[in-house]
Q: 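Got a structure for you, questions after.
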Amino acid sequence: MGLFGKLFEKKECAICGGEIGLLGNRKLEDGNMCKACAAKLSPWFDERRHSTVAQIEEQLEYRESNKEDVAAFRTTLSLGETAKVLVDEDVGRFMVTSARNYSEANPDVLELSDITGCTYDIDEGIDEVTRFDENNEAVSYDPPRFTHSYNFYVTVYVNNPYFDDMRFKVNSRTVEVEERRGPAVSANPGSINLVIGSLSGAETFNPEASVEYCTYRDLCERIVATLLENRQSAREEIAAAAPKAAVACPYCGATTTPTTTNCCEFCVGVLGD
């Protein structure tokens, strides 16, 4: 069969058994999958091409059971704009989603105790602002002007069999701050476009003079701090609920089960780690 023959050869989805259209094939390590089945996978999963049919079937079972967790989820804390971090503090779970219809999107519901880390980063782009001269050609301003663009991202690292991290953009639109080099002039901190500089010509550009920049940076910091604090609380609750093994008290010699404050239940002596 020639190259074009293989291209138009009908393929069958190894998951649902349906016929795969010309542009609907999603390659697996040992088979093919239709785009409808691929859409059911976790949005944080990016190892499809290196996954076997059996591994995909296993994940789809997990995704199906996740629907029950979504239905039971009760948001007590919401952080973010387009992509939101939703926390159910009563059961120690969270999810990240930009969907309005949770039951349809089926966002992954994770345990707060499964968080292994959380950070944020700010992507910056710099473009020169130009003008058109009398010949309708783009030329630089004198002194030159630049636009700094910023996007804010939070990454949550998790202990999950199908993905290790969840990176999402916090701001709904790119933050742009204009820099004009040259003599210093007053800046309006509440403005997106800032005119800054110095009499000596030295650069004094500071994006933190932008209220919008600071708002999103502070939101990133709040999301990171909130998730890490809730993670710690969830882990402490798990540790407190775990059954403690009986030990010999070094003070009274009795065999005791440590109390919640790690003391001997007979003499109230503080036991070691």
Side-chain angles (χ1 to χ4, degrees), residues 23 39 42-49 77-87 94-101 105 107 115 117-158 163-228:
L23 300 177
S42 168
W44 311 110
F45 176 68
D46 59 5
E47 294 292 326
R48 171 182 51 80
R49 283 183 170 272
L77 179 63
S78 176
L79 296 171
E81 290 188 351
T82 303
K84 294 184 178 180
V85 177
L86 306 176
V87 182
F94 79 102
M95 59 186 181
V96 179
T97 182
S98 58
R100 293 186 177 182
N101 188 330
I115 296 175
C118 191
T119 60
Y120 77 90
D121 62 278
I122 304 172
D123 283 356
E124 180 185 30
I126 304 176
D127 294 303
E128 183 178 0
V129 179
T130 59
R131 63 181 178 82
F132 290 100
D133 63 11
E134 61 276 7
N135 298 320
N136 203 31
E137 294 182 354
V139 296
S140 300
Y141 283 94
D142 184 20
R145 301 179 185 179
F146 300 87
T147 296
H148 297 247
S149 58
Y150 299 94
N151 286 300
F152 302 76
Y153 295 88
V154 168
T155 302
V156 186
Y157 300 94
V158 295
F163 51 89
D164 299 320
D165 59 74
M166 310 159 74
R167 186 173 187 261
F168 55 94
K169 189 166 75 169
V170 172
N171 51 309
S172 55
R173 64 187 181 92
T174 299
V175 175
E176 293 187 346
V177 183
E178 184 178 332
E179 171 193 2
R180 298 184 186 182
R181 299 179 182 178
V185 295
S186 61
N188 176 10
S191 172
I192 295 177
N193 295 324
L194 303 182
V195 182
I196 62 176
S198 68
L199 292 174
S200 63
E203 294 183 25
T204 58
F205 179 73
N206 180 12
E208 294 186 1
S210 164
V211 171
E212 193 174 21
Y213 178 98
C214 292
T215 297
Y216 285 119
R217 181 207 56 197
D218 293 347
L219 179 56
C220 287
E221 292 179 350
R222 184 184 176 197
I223 291 173
V224 170
T226 299
L227 287 179
L228 292 180

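The chain is numbered in sequence order, starting from 1. These numbers come from the heavy atoms of this one structure, side chains and all, not from hydrogens, waters or symmetry mates.
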Q: What are the two closest non-hydrogen atoms of Ala105 and Ala99, and how far apart are they?
A: CB-CB, 3.4 Å

Q: Ignoring hydrogens, what is the shortest heavy-atom contact between Phe205 and Val177? Give both atom names and the distance.
A: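 That would be CE1-CG1, 3.8 Å.
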
Q: Do Thr82 and Lys169 have side chains that approach each other closer than 4.5 Å (heavy atoms only, starting at C-beta)?
A: no

Q: Less than 4.0 Å between a side-chain N and a carboxylate O, is that true for Arg167 and Asp46?
A: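 No salt bridge links Asp46 with Arg167.
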
Q: Test your reading of the model: is there a side-chain donor-acceptor pair from Asn135 to the backbone of Glu137, 3.5 Å cut-off?
A: no

Q: Is there side-chain contact between Phe94 and Val156, with heavy atoms separated by less than 4.5 Å?
A: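 Heavy-atom side-chain distance check passes, below 4.5 Å.
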
Q: Please report the interatomic distance CG(Leu228) to OG1(Thr119), rounded to the nearest 0.5 Å.
A: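 These two atoms lie 9.5 Å from each other.
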
Q: Do Tyr141 and Glu128 make a side-chain contact, defined as non-hydrogen atoms from C-beta onward lying under 4.5 Å apart?
A: no

Q: Atom CD of Glu212 and atom OG1 of Thr174: how far apart are they, to the nearest 0.5 Å?
A: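 One finds 9.5 Å between CD of Glu212 and OG1 of Thr174.
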
Q: Working to the nearest 0.5 angstrom, can you tell me the gap between Glu176 CD and Tyr213 OH?
A: 14.5 Å

Q: Drop me the distance from Ser98's OG to Lys84's NZ, to the nearest 0.5 angstrom.
A: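 Rounded to the nearest 0.5 Å, the OG-NZ separation comes out at 10.5 Å.
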
Q: First locate atom NE2 of His148, then atom CD of Glu179, and finally report the distance between them rounded to the nearest 0.5 Å.
A: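 Going from the NE2 atom of His148 to the CD atom of Glu179 covers 4.0 Å.
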
Q: So, do Val154 and Phe168 sit near enough that their side-chain heavy atoms are less than 4.5 Å apart?
A: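 Yes, side chains in contact.
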
Q: Using side-chain contact (heavy atoms from CB on, under 4.5 Å), reason through Val224 and Glu221 one step at a time and then give a plain yes or no.
A: CA-CA 5 Å; Val224 170; Glu221 292 179 350; 5.8 Å; no

Q: Please check this pair: side chain of Asp165 against backbone of Thr155, looking for a donor-acceptor N/O pair closer than 3.5 Å.
A: no

Q: List the steps and the verdict of side-chain contact (heavy atoms from CB on, under 4.5 Å) for Arg131 and Arg145.
A: CA-CA 10 Å; Arg131 63 181 178 82; Arg145 301 179 185 179; over 6 Å; no

Q: Is any side-chain heavy atom of Val96 less than 4.5 Å from a side-chain heavy atom of Trp44?
A: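 When only atoms from C-beta onward are counted, Trp44 and Val96 do touch, with a gap below 4.5 Å.
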
Q: Would you check if Tyr216 and Glu81 make a side-chain contact, meaning some heavy-atom pair closer than 4.5 Å?
A: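 Yes. Closest side-chain heavy atoms under 4.5 Å.
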
Q: Any chance you could measure Phe152, atom CZ, to Asp218, atom CG, to the nearest 0.5 Å?
A: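 Reported value, rounded in 0.5 Å steps: 9.5 Å.
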
